Amino acid sequence: MDPALRPSVDEVWHWLSEVPDPEIPVISLTDLGIIRDVEWRDDTLVVTVTPTYSGCPATTVINLDIEAALAGKGLDKVKLECRLSPAWTTDWISAEGREKLRDYGIAPPIDGTAADGVLMKRIDRLSGRSNLTIACPRCGSANTEKISQFGSTPCKASYRCTDCLEPFDYFKCI
């Protein structure tokens with residue numbers, strides 16, 4: 001592609017901010033923090049993606065969605081690169097992404113509890129349970145209980161609010 005005609009990296013980032021996560025469509029791939037880099041290498045656009053975890057079943061769909069979105073903007077030479085290090089962490093979810101999760105009814109991960117090991121420090125040594133307070137995304141109550149470590153997708157856990165009695169997913173800290 002003629003360098004004078006190709007879109008800027010900022011414009012490509014904007015396009016990618018409109019690509020929804022296939023499992024949680026209210027949050028974009030950029031809000032999720034898995035798009036690590038966008039750059040032109042000669043006439044090829046290179047998009048670097050870090051999966052949420054190596055076994056994420058949505059990884060293939062995410063890559064196809066990125067390619068389709070960019071092809072829809074007229075880019076025919078796109079290369080996707082997978083970057084596993086540093087590993088993705090929920091701390092990479094943007095503030096806007098966290099609000100979108102909450103508005104959708106999913107409790108976002110608690111800031112700063114993933115990458116720096118704080119989450120492991122918040123485990124009760126006797127019971128093995130976390131002493132983190134997960135607020136209900138619907139009513140804001142801190143009176144919640146974990147129903148299951150596994151929610152609607154592998155990256156979420158099931159909780160219930162004991163005040164409004166509504167079940168909800170909590171986006172687990174990774």
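Source: prediction; values computed, not measured.
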Do E81 and K79 sit within salt-bridge range, that is, some charged N less than 4.0 Å from a carboxylate O? yes
Does the side chain of P137 come within less than 4.5 Å of Y170's, by heavy atoms? no
Across all chains, not counting sequence neighbours, the side chain to side chain donor-acceptor pair (under 3.5 Å) partners of E11 are none
Under the side chain to side chain contact (heavy atoms under 4.5 Å, CB included) test, which residues partner S85, sequence neighbours left out? none
Side-chain donor-acceptor pairs of residues 46-55 under 3.5 Å, sequence neighbours excluded:
from: T50; atom 1: OG1; to: R83; atom 2: O; distance (Å): 2.8

So which atom in D65 and which in P20 form the shortest heavy-atom distance, rounded to 0.1 Å? OD2-O, 4.3 Å
Could you pull out all residues at least two apart from D21 that satisfy side chain to side chain donor-acceptor pair (under 3.5 Å)? none
May I ask whether L75 and V9 are part of the same hydrophobic cluster, defined by side-chain heavy atoms of I, L, V, M, F, W, Y residues being less than 4.5 angstrom apart, directly or through others? yes
Please verify the inter-ring angle class for F168 with Y159; under 30° counts as parallel, over 60° as perpendicular, anything in between as tilted. parallel
Would you check if there is a donor-acceptor pair between the side chains of T162 and N143 at a distance under 3.5 Å? no
How far does CG of D103 sit from CD of E96, to the nearest 0.5 angstrom? 10.5 Å
When you measure from the centre of the six-membered ring of W88, is the NZ or CZ of R36 closer than 6.0 Å and no more than 45° off the axis? no
Excluding sequence neighbours, so at least two apart, what forms side chain to side chain contact (heavy atoms under 4.5 Å, CB included) with L165? none
With sequence neighbours excluded, give me every salt bridge (charged side-chain N to carboxylate O under 4.0 Å, His left out) pair touching residues 154-168. E145-R160
Residue list, side chain to side chain contact (heavy atoms under 4.5 Å, CB included) with Q149, at least two apart or on another chain: K146, K172
Close side-chain approach of I34 to W92, heavy-atom, < 4.5 Å: no
Which residues satisfy the salt bridge (Lys or Arg N to Asp or Glu O under 4.0 Å) test with E67, sequence neighbours excluded? none
Tabulate below the donor-acceptor pairs under 3.5 Å that side-chain atoms of residues 26-33 make, not counting sequence neighbours, or state none.
from: S28; atom 1: OG; to: S17; atom 2: O; distance (Å): 3.4
from: S28; atom 1: OG; to: T30; atom 2: N; distance (Å): 3.4
from: S28; atom 1: OG; to: T30; atom 2: OG1; distance (Å): 3.0
from: S28; atom 1: OG; to: D31; atom 2: N; distance (Å): 3.0
from: S28; atom 1: OG; to: D31; atom 2: OD2; distance (Å): 3.4
from: D31; atom 1: OD1; to: S94; atom 2: OG; distance (Å): 2.9
from: D31; atom 1: OD2; to: K100; atom 2: NZ; distance (Å): 2.6

Can you list everything that forms a salt bridge (Lys or Arg N to Asp or Glu O under 4.0 Å) with K73? Sequence neighbours excluded, please. none
Can you check whether C164 reaches S141 side chain to side chain, under 4.5 Å on heavy atoms? no
Considering all heavy atoms, the nearest A107-A135 contact: CB-O, 3.7 Å
side-chain contact (heavy atoms from CB on, under 4.5 Å), paired with E23, selected from V61, I62, T153: T153
One should read off an interatomic distance between L64 CG and L80 CG, to the nearest 0.5 angstrom, of 9.0 Å
Just by modelled atom types, is the K77 backbone N or O under 3.5 Å from a matching donor or acceptor in the T44 side chain? no
Any side-chain to backbone donor/acceptor pair from R138 onto I106? Under 3.5 Å, distance only. no
Heavy atoms only: give me the nearest D169-G151 pair and the separation to one decimal. OD1-CA, 3.9 Å
Validation row: W15, P7 side chains within 4.5 angstrom (heavy atoms): yes
Could you pull out all residues at least two apart from F171 that satisfy ring pair (Phe, Tyr, Trp, His ring centres under 6.0 Å)? none
